[in-house]
Amino acid sequence: MNTETADIKAIEQVVATVERAQRAKDVDGFLALFHPDAIWTTGHGKALIGFDAIAEFTRTVLPAASWEGEITYEAVHTQFLRPDVAAVKVRQVYHSPEGEEEGTPLYVMTKQDDGRWLLHACQNTAVWVE
């Protein structure tokens, strides 16, 4: 397996872990995916700058989140900006009895010295259907 293929697999695992953490409301599992200097913009446009802000928001919101159905995440496109930086387009779908709602997050991920890929700059965006 070449390096790019291995990195894509590792990135897909991070996205899969985001899904598992969201479903399980696993705050620590979710936060373990972030770079210390991360930036996260929520689906409602709230900018969270730095790990502490992301952690405070997540510890408040994730355990209290409620939805009927399930959520899925899929890395649909990975573009390497450098060998250690990737822009990852994600398809996020909330499956509920009322139907589906879709999001299209963009995750900029960075590869750490130990080989782990972490979320570094992320924008969570809803898909609006007219």
Side-chain angles (χ1 to χ4, degrees):
M1 181 181 308
N2 68 34
T3 302
E4 186 171 300
T5 301
D7 285 333
I8 289 172
K9 294 274 188 218
I11 287 166
E12 289 172 347
Q13 281 302 111
V14 171
V15 174
T17 302
V18 169
E19 177 182 302
R20 282 192 303 275
Q22 291 287 321
R23 285 181 172 196
K25 299 181 183 183
D26 177 4
V27 171
D28 292 330
F30 182 69
L31 293 175
L33 303 172
F34 284 89
H35 187 278
D37 296 326
I39 299 169
W40 180 271
T41 302
T42 71
H44 294 98
K46 182 176 180 73
L48 306 169
I49 310 297
F51 182 84
D52 291 343
I54 295 166
E56 180 180 352
F57 178 84
T58 301
R59 286 187 178 108
T60 300
V61 173
L62 187 56
S66 64
W67 56 82
E68 287 188 42
E70 66 179 15
I71 186 169
T72 58
Y73 289 77
E74 176 188 8
V76 294
H77 180 76
T78 299
Q79 177 76 39
F80 288 95
L81 307 177
R82 296 187 336 203
D84 62 339
V85 179
V88 182
K89 202 63 187 153
V90 175
R91 182 170 187 254
Q92 170 193 60
V93 181
Y94 291 94
H95 307 272
S96 74
E98 293 81 38
E100 293 184 347
E101 292 181 34
E102 189 171 335
T104 179
L106 174 65
Y107 298 163
V108 177
M109 299 176 66
T110 53
K111 187 175 185 178
Q112 308 309 294
D113 291 340
D114 64 4
R116 291 180 306 136
W117 283 90
L118 295 177
L119 301 170
H120 207 124
C122 305
Q123 171 77 39
N124 197 359
T125 304
V127 173
W128 297 101
V129 179
E130 297 182 34

Looking at side-chain heavy atoms only, is the closest gap between [X] and [Y] below 4.5 Å?
{"X": "Q112", "Y": "W117", "value": "no"}
{"X": "L31", "Y": "I54", "value": "yes"}
{"X": "R91", "Y": "T104", "value": "no"}
{"X": "E19", "Y": "T72", "value": "yes"}

Which pairs with one or both residues in residues 24-46 pass salt bridge (charged side-chain N to carboxylate O under 4.0 Å, His left out), sequence neighbours excluded? none
E101 CD: over 12 foreign heavy atoms closer than 6.0 Å: no
Between W40 and F57, is the gap from one ring center to the other below 6.0 Å? no
Point-to-point distance, once rounded to the nearest 0.5 Å, from [atom1] of [X] to [atom2] of [Y]:
{"X": "L119", "Y": "F51", "atom1": "CG", "atom2": "CZ", "result": "11.0 Å"}
{"X": "M109", "Y": "C122", "atom1": "CE", "atom2": "SG", "result": "8.0 Å"}
{"X": "E102", "Y": "T125", "atom1": "CD", "atom2": "OG1", "result": "11.5 Å"}

What residues form a salt bridge (Lys or Arg N to Asp or Glu O under 4.0 Å) with [X], not counting sequence neighbours?
{"X": "R116", "result": "D114"}
{"X": "E74", "result": "none"}
{"X": "D84", "result": "R82"}

With sequence neighbours left out, what residues match Q22 under side chain to side chain contact (heavy atoms under 4.5 Å, CB included)? V18, F30, L62, I71, Y73
By side chain to side chain contact (heavy atoms under 4.5 Å, CB included) - contacts of H44 (at least two apart): T42
Connecting only ILVMFWY residues whose side-chain heavy atoms lie within less than 4.5 Å of each other, what is the rest of I39's hydrophobic cluster? I49
Quick one: hydrophobic cluster around V85, which other residues, with the 4.5 Å side-chain cut-off, linked directly or via members? L81, V108
Hey, can you pull the donor-acceptor pairs under 3.5 Å for the side chains in residues 10-17, sequence neighbours left out?
residue, atom, partner, partner atom, Å
T17, OG1, Q13, O, 2.8
T17, OG1, R20, NH2, 2.9

For A21 against G29, the heavy-atom pair lying closest together: CB-C, 4.2 Å
Can you name the side-chain hydrogen bond (donor to acceptor under 3.5 Å, both in side chains) partners of [X], sequence neighbours left out?
{"X": "T60", "value": "none"}
{"X": "N124", "value": "none"}
{"X": "H120", "value": "T110"}

side-chain hydrogen bond (donor to acceptor under 3.5 Å, both in side chains) evaluation trace for E100 with H95: CA-CA 5 Å; E100 293 184 347; H95 307 272; 2.9 Å; yes
Consider only side-chain heavy atoms of I, L, V, M, F, W and Y, link residues closer than 4.5 Å, and tell whether Y107 and V76 are in one cluster. no
If hydrophobic clusters are built by linking Ile, Leu, Val, Met, Phe, Trp and Tyr wherever their side-chain heavy atoms come under 4.5 Å apart, do L106 and L118 end up in the same one? no
